[in-house]
Amino acid sequence: MKDMFEETIERLLSDFVTPEAIGAAETGAWPEGLWSAIEENGLAIAAAPESSGGVGGSWHDAYVLVRAAGRHAAPVPLAETILVNWLLGLAGAEVAPGAATLAIAGGSLDGGLFSGTLVDVPFGGQCGHVLTTAGDTRSLVLLSCSDAEQAPALNTARERRDTLTFHGARPVAVASLPDSAPGDALLLGGAMIRSAQIAGGLAHLLDMATDYANQRVQFGRAIGKFQAIQHQLAILAEQTSLASAAAEMAFASSERTPAPLPVAAAKTIASDAAGQGAAIAHAVLGAIGFTYEHSLHFTTRRLWSWRSEFGSQTYWAQEMGRAMCARGPDGFWPALISAMAPA
Amino acid sequence: MRLTDFNHAAIPPEAEAFRAEIRTFLDREMQGIPPVVRADSWMGYDADFSRKLGAAGLIGITMPERFGGRAAGAFARYVVNEELLAVGAPVSAHWIADRQSAPLLLHYGTDTQRERYIPGIARGEVYFCIGMSEPNSGSDLASIGTRATTVGDGWVLNGRKIWTTNAHRSQYMIALVRTQGREDDRHGGMSQFIIDLKAPGVTVRPIRDLTGGEHFNEVFFDDVALDRDALVGTEGNGWQQVMAELAFERSGPERFLSSMALLNTLIAQIGAEPDALQAFQIGRITARLMALRAMSLSVTAQLDAGEDPAWGASCVKDIGTALEQELPEVAQLLDTAEPRVDSGGDHAQVLAYLTQLAPSFSLRGGTREILRGILARGLGVR
């Protein structure tokens, strides 16, 4: 299904996600036309099994959708909704209707009612539902966002990262992830989608910077003819490649449940690449790339937030470092190989 | 597909099956080899080890069975090689013959050449080196001047090669030389020849490197007679043949695992409970190893499918060698151990050795600047 997903998402996002549309979303407008098209094409439920009401694509297939969401800077919770519906499917629950998001470090259930303060919730106030955990980190709770007190907040791309506070709300659904799922499955899932979005964003930066280097003439020739610029673009291409390979590895390894080491590796790599890539793109595009009028910043400002969200490079690298040191020198290599073995 | 897409490639089960076999071999044969010897990685020469590996059927495994191989795929070879590198096995004797010479001869060679050389390579007994650079032709390989002149139905070779790894302990060299045209002819008029390094007129002079070791050489050719069977492939097609080899040379696990011995001693030094900085750096290195391996496997799938992933291979090599070179830097940041030559603990010795060896990682097989030029050309700016 990968090719079909890719073709559909590219057509759809190319049509709807214009610089004007991203700019309008930054001022608070909800891109209804875009979201309707996403739902009509089944993309929001792409990776959920048919038994849960989904399309039945594999999680690996969903990689191209999430990457495309990043490449186009789609100002909607497409990646989050695909993830939430996949996780609900893993837990044997029905997909969530409409736009959905997720929150780490949930709250608690008392008499079947959920209470807790959910922070940094992507598009929280704009989604119908939020997936979080209650008590045991494998116990999923799907809540209606309209039941929450909402305090809006914005990341550097002016995407909503809201605080939602629930006082005794009745969940829409309660389900459990299988015991084989890692305890931090939601966080791993979030890290995984951000890694793929960063990979997509970097690919877009590379396209923009390469085009600009071929067009902009100084000292009588295109600046791309200067070796200094060529090598900067080569580094940007390398960082894009590394982030893409790592993100796809994370998806491919997580078909059954999120795979801790591959996801940790992907987010470590992608977060590192995001900063380096954004810096190179801005250096190549010069002053024009620093204007609001030019669309470069729609991607770079996203990268500057996505790299910190769902665990920074430092967080994930330290998680991995502790896990690998615990294996000792003799256990290091076998652990690396088995972490990358097909799921 | 974009250049920067590295489609995920999983190792097929039949290739993965080789892992248990090679690990069993290594458990037995690597006993007692100290970390500082393992630090030599694929520069470590041990003909006994290569012969044992060959006898175990683990060299030339992608070759047809009639030439002593096992008709296995590229991923099986990948599995065997990465396991060898992970433990720092001394594989240098046969490494280039297995990686480049045997596949080159299988692809371009005559039946006579295949039968003469490939079975010996697969036994771990016949070793090859690659003659590319010359004193005035390093990164600018197309400017080579060593020339084979037609005499009768053979050639006479004159000139010299330099920085040739293992020329002093290989039986044969496959050299790229000029057969027609002039030095400014660029990519035309070059051919590949098999040269018997014991032949009259060949002089091999080892060059001591900064570690005190002897890995590379200068090789002189004075009226060396080459018969018709010395030509590999088509006369005049040498440049194209060499370029096709480069993706094999640049995309394998040896482009990011050369410093594994140091990672192992560093982890031992740190212990099971790293502090925050140690955890961060070990995690970051692990992440890059995993991502590079994913990229490298993706390029292997393309090679296996008969594509020419020159761009992807250059990418793997540039990022991979940067990681290999960063390891000694990280090691000295994370630990107070001072590097030591010929004494001190394992970690101190491995640190000393790899710190000195590291500059070569981004020189051998194409420099960082050459690779970035290839990447820029692929992007369409050059």
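Throughout, a chain's letter reflects where its sequence line sits, starting with A, and its residues are numbered from 1.
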Quick check against the 3.5 Å criterion: does A:R67 have a side-chain atom that pairs as donor or acceptor with the backbone of A:A196?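 Looks like no, no N/O pair under 3.5 Å.
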For the pair A:D184 (side chain) and A:L187 (backbone), establish whether a donor and an acceptor sit closer than 3.5 Å, ignoring hydrogens and angles. no
Which portion of [X] sits near chain B, non-hydrogen atoms under 4.5 angstrom:
X      : answer
A:D272 : side chain
A:R327 : neither
A:I235 : side chain
A:I223 : neither

Between chain B and each of [options], count heavy-atom pairs under 4.5 Å; write down the option with the most.
options                       : result
A:A234, A:P329, A:A265        : A:P329
A:A222, A:G224, A:C325        : A:C325
A:K267, A:H60, A:Q230, A:K225 : A:Q230
A:A245, A:G328, A:A250        : A:A245
A:L242, A:T210, A:T268        : A:L242

Could you check whether [Y] and [X], counting side-chain N and O atoms only, form a donor-acceptor pair closer than 3.5 Å?
X      : Y      : result
B:T24  : B:D27  : no
B:H8   : B:S298 : no
B:S258 : B:W42  : yes
B:T355 : B:Q332 : no

Salt bridge [X]-[Y], side-chain N to carboxylate O under 4.0 Å:
X      : Y      : answer
B:E326 : B:R288 : yes
B:E82  : B:R19  : yes
B:E249 : B:K317 : no
A:K2   : A:D61  : no

Heavy atoms only, distances under 4.5 angstrom: which of [options] has the most pairs with chain A? Name it, please.
options                        : answer
B:T265, B:L292, B:I267         : B:I267
B:I11, B:L263, B:N7            : B:N7
B:A10, B:A376, B:A9            : B:A376
B:R377, B:E273, B:R23          : B:R23
B:I270, B:L375, B:L297, B:L371 : B:L375
B:M260, B:R293, B:Q281, B:Q278 : B:R293

Quick one: sort the B:F6 and B:W311 rings into parallel, tilted or perpendicular, breaks at 30° and 60°.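 Because their plane-to-plane angle lies in the 30° to 60° range, the rings of B:F6 and B:W311 count as tilted.
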How far apart are the C-alpha atoms of A:W333 and B:E83, what are their side-chain angles, what is the distance that settles it, and do they pass the side chain to side chain donor-acceptor pair (under 3.5 Å) test? CA-CA 9 Å; A:W333 177 256; B:E83 291 293 326; 3.0 Å; yes
Heavy-atom contact with chain A under 4.5 Å, split by part of B:R2: side chain
When the 4.5 angstrom heavy-atom criterion is applied to B:L85 and chain A, the contacting part is neither
For chain B, which residues from residues 302-314 of chain A have at least one heavy atom closer than 4.5 Å to it? A:Q313, A:T314
Please determine whether the number of non-hydrogen atoms from other residues, nucleotides or ligands lying under 6.0 Å from atom CD of A:E7 exceeds 12. no
Counting only heavy atoms from other residues, nucleotides and ligands, does the tally under 6.0 Å from CD of A:Q227 exceed 12? no
